[in-house]
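Every chain is numbered from 1, with letters handed out A, B, ... down the list of sequences.
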Protein chains: 2
Amino acid sequence: MAVTIRDVAKASGVHISTVSRTFSAPHLVNPETRTRVLATAEELGYRPNRAARALITGRTHNIGLIVADIANPFFPPMIKAAETHARRRDYHVFVADTDEDPVVETDLVRALAKQVDGILLCSPRMSDDQIEQLRREVPLVVVNRLIDGLPAVVMDVGAGARSAVRHLVGLGHRHLVYLSGPRGSWTNREIRRAAGVAARAGGAELTVLGPHQPVSSAGADAAEAVLATGATAVLAYNDLMAIGLLQSLQDRGVAVPEQISVVGFDDIATSALVRPTLTTVANPTAAAGRAAVDMLLQQGDDGATGQVTLRTDLVIRNSTGPGPYAPAGATTAQVAAYAKE
Amino acid sequence: MAVTIRDVAKASGVHISTVSRTFSAPHLVNPETRTRVLATAEELGYRPNRAARALITGRTHNIGLIVADIANPFFPPMIKAAETHARRRDYHVFVADTDEDPVVETDLVRALAKQVDGILLCSPRMSDDQIEQLRREVPLVVVNRLIDGLPAVVMDVGAGARSAVRHLVGLGHRHLVYLSGPRGSWTNREIRRAAGVAARAGGAELTVLGPHQPVSSAGADAAEAVLATGATAVLAYNDLMAIGLLQSLQDRGVAVPEQISVVGFDDIATSALVRPTLTTVANPTAAAGRAAVDMLLQQGDDGATGQVTLRTDLVIRNSTGPGPYAPAGATTAQVAAYAKE
DNA sequence: ATGAAAGCGCTAACAC
DNA sequence: GTGTTAGCGCTTTCAT
């Protein structure tokens, strides 16, 4: 069996409670004793058993991170940032994938509840009611979704959508398509709404297509439908769909951005690797992961249930260009400024 | 506080051990009692505390998954598959990221050791000795690296490299470059060695460049050096580097595959999304994740320390084409067969 | 400053 | 088939 507190106590000639104190309340133990205990512990390779500690303190020093799809490139940077941030604060992270299934989400929260001090729910697909229910069973921070009274970290996708639409309208586009994401996605609803408002304000028409799975093949499959609308610009729920559409259009001989402009969402790594490079709304996913961890860990201290909104940024690359109503001689660079207003 | 076994016992009028048995050894309890206990447990929302159980059984039903870099697209499909597979077997998964740092790896294994039944070490960068040492402290399965006597799951990257080189030689290339990956990578050494042997066998020269970080910018930065060698084909350590190189070459006006052929490794999702689409050696990362989990969970049962090698597959796409010594009229399709030999 | 003792939630002999 | 008891590794009063 592994080395326990008892072994260290015996080897250093003190009671186990002294060893315990050496690790959990060092200031309460005589410096000399402490040094000795630490030395034997080191020598024996002793490491406190967190689970046993949790049993009595009620704090596991673990957190859960539940995401819709680990393999969706949107999430890994967030997972990485959250894990690194948590570990720096001496927390370990359970990661679980729901495969976009709301039922799995609920089960997972319950299954993890006892082993963690709190759970980060990223882009949950379940209903508000379900989330509120779970909130009573375990501390929760929701990422990418805003629910009254629940601590949350969201990106300002509404502002991002507005920037994107203004950018397109400024380029002279008057008929846009929004390629919807999955049902149940808060982000999707926000983008669609904000894009609609911004389009109306800009005197442009917005056709909504979908819902779609947030994958590149869905974007590729939507090419026909997009062309059928006669629109000259497309805003997609995420970069994956935008890239699928981008390549599918080009494979059909439709030039991007000459004939159709395409804007994505997220700014995943791939977006800078495809040609044309993708104009997209950058989401600060890593910062969101860190903020969510902080919020979760603070939740224990006070009862504050803050909601943080992180800003998004339109990244103008080469998949967007002048539309049919472009002011004479307008260039992408010129209208870029407009979107910033 | 949460509901415990004692609450259920009281509410259903039995002793706590009966409740315990109801969950851990149902066949030992009277069907009627069992039904009643289960009902009250359900009603009260009781869920066994795994940490408390682990304290006495010694089995946590958790596993650790340590990867070099969560954000590297090579890993997420593996993490996802491993997590899903583990959960299906009622195991939860700690995920941690070492940022390619061998010191962090060691610390992480030790920190996680007490909370898990075993650890999956993916693409570890530390030395064989260190890994063997850790192996004594906690059950380990190593992925993407072969060490004598240690249970491991690897992909047959040597065979993959040979296929790739034969493919290129068959296309008429006689001077190849291997773009090395990170120092400490077993996969990198294997590919380099196998590529060297295959090149020699095919009467071709192989120039090795590197080491490099396994990221796209490293591939892009290597473009000058690649051109300077005068080689007509490049095999890269991974797809990210291959894609970086691919785009950097094209941005410099060097046509791919007309002037230079490029082959990657891994077959990450992005490889099918860039243009030209990337010829690459597909790694069964998801299968590797599942196999590693199985191996880890079986390790407890018997002491078997198997080593599994998963086959790789050359996926021929559009980034490779005829070289200067191509047989007249040779097409990519024709020589594809050659690589399969 | 240190030791003694109780107990966190649970399982595993051992009785009956 | 069920209750009793001890104890997993640790923290936390309470004494001393």
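The residue B:Phe23 sits apart from the nucleic acid: no heavy atom pair falls under 4.0 Å. As judged by a 4.0 angstrom heavy-atom cut-off over every strand, A:Val14 is placed among residues touching the sugar-phosphate backbone only. Here B:Thr18 lies in heavy-atom contact (under 4.0 Å) with sugar-phosphate atoms only.
What separates CD1 of A:Ile56 from C1' of D:dT13 is a distance of 10 Å, to the nearest Å. The distance between atom NE2 of B:His61 and atom C1' of C:dT11, rounded to the nearest whole Å, is 13 Å. Rounding to whole angstrom units, CD of residue B:Gln115 and C1' of D:dG9 are separated by 13 Å. For B:Leu28 and D:dG3, the CG to P distance is 14 Å, given to the nearest whole Å. Atom CG in B:Asn49 sits about 14 Å away from atom C1' in C:dG7, given to the nearest Å. Atom CZ in B:Arg50 sits roughly 14 Å away from atom C1' in C:dC10 (whole-Å rounding). Counting to the nearest Å, the P atom of C:dA12 and the NE2 atom of B:His27 are 11 Å from each other. Here the P atom of nucleotide C:dG7 and the CG atom of A:Leu55 are 14 Å apart, to the nearest Å.
Candidate nucleotides D:dG9, D:dT11, C:dA4 were compared by shortest atom distance to the side chain of A:His15, and C:dA4 ranks first. Picking from C:dT2, C:dT11, D:dC10 the nucleotide with the shortest atom distance to the side chain of A:Ile16 gives D:dC10. Residue B:Arg21 places its side chain closer to D:dT2 than to any other of C:dC10, D:dG9, D:dT2. Nearest to the side-chain atoms of B:Thr33 among the listed nucleotides D:dT12, D:dG9, D:dT2 stands D:dT2. Closest to the side chain of A:Ile5, out of D:dT2, C:dG3, D:dT11, is D:dT11. Closest contact between the side chain of A:Thr4 and the listed nucleotides D:dC10, C:dC10, C:dA1 involves D:dC10. Checking C:dG7, D:dT12, C:dC10 against every side-chain atom of B:Tyr46, the shortest atom distance belongs to C:dC10.
Positionally, the nearest nucleotide of DNA chain C for A:Pro31 lies more toward the 5' end than for the other of B:Ala52 and A:Pro31. The 5' end of DNA chain D is approached more closely, in terms of each residue's nearest nucleotide, by B:Ser17 than by the other of A:Arg53 and B:Ser17.
The only option from A:Arg183, A:Arg125, A:Gln213 that meets the side-chain hydrogen bond (donor to acceptor under 3.5 Å, both in side chains) definition with A:Glu100 turns out to be A:Arg125.
Between the side chains of A:Thr40 and A:Glu43, no donor-acceptor pair of N or O atoms lies under 3.5 Å. When only modelled atom types and interatomic distance are considered, B:Thr35 and B:Glu32 share no side-chain donor-acceptor pair under 3.5 Å.
A salt bridge between B:Arg110 and B:Glu137 is present, with a side-chain N of the basic residue lying under 4.0 Å from a carboxylate O of the acidic one.
Counted within 6.0 Å of NZ on B:Lys10, heavy atoms from surrounding residues, nucleotides or ligands total 12 or fewer; the atom is thus considered open.
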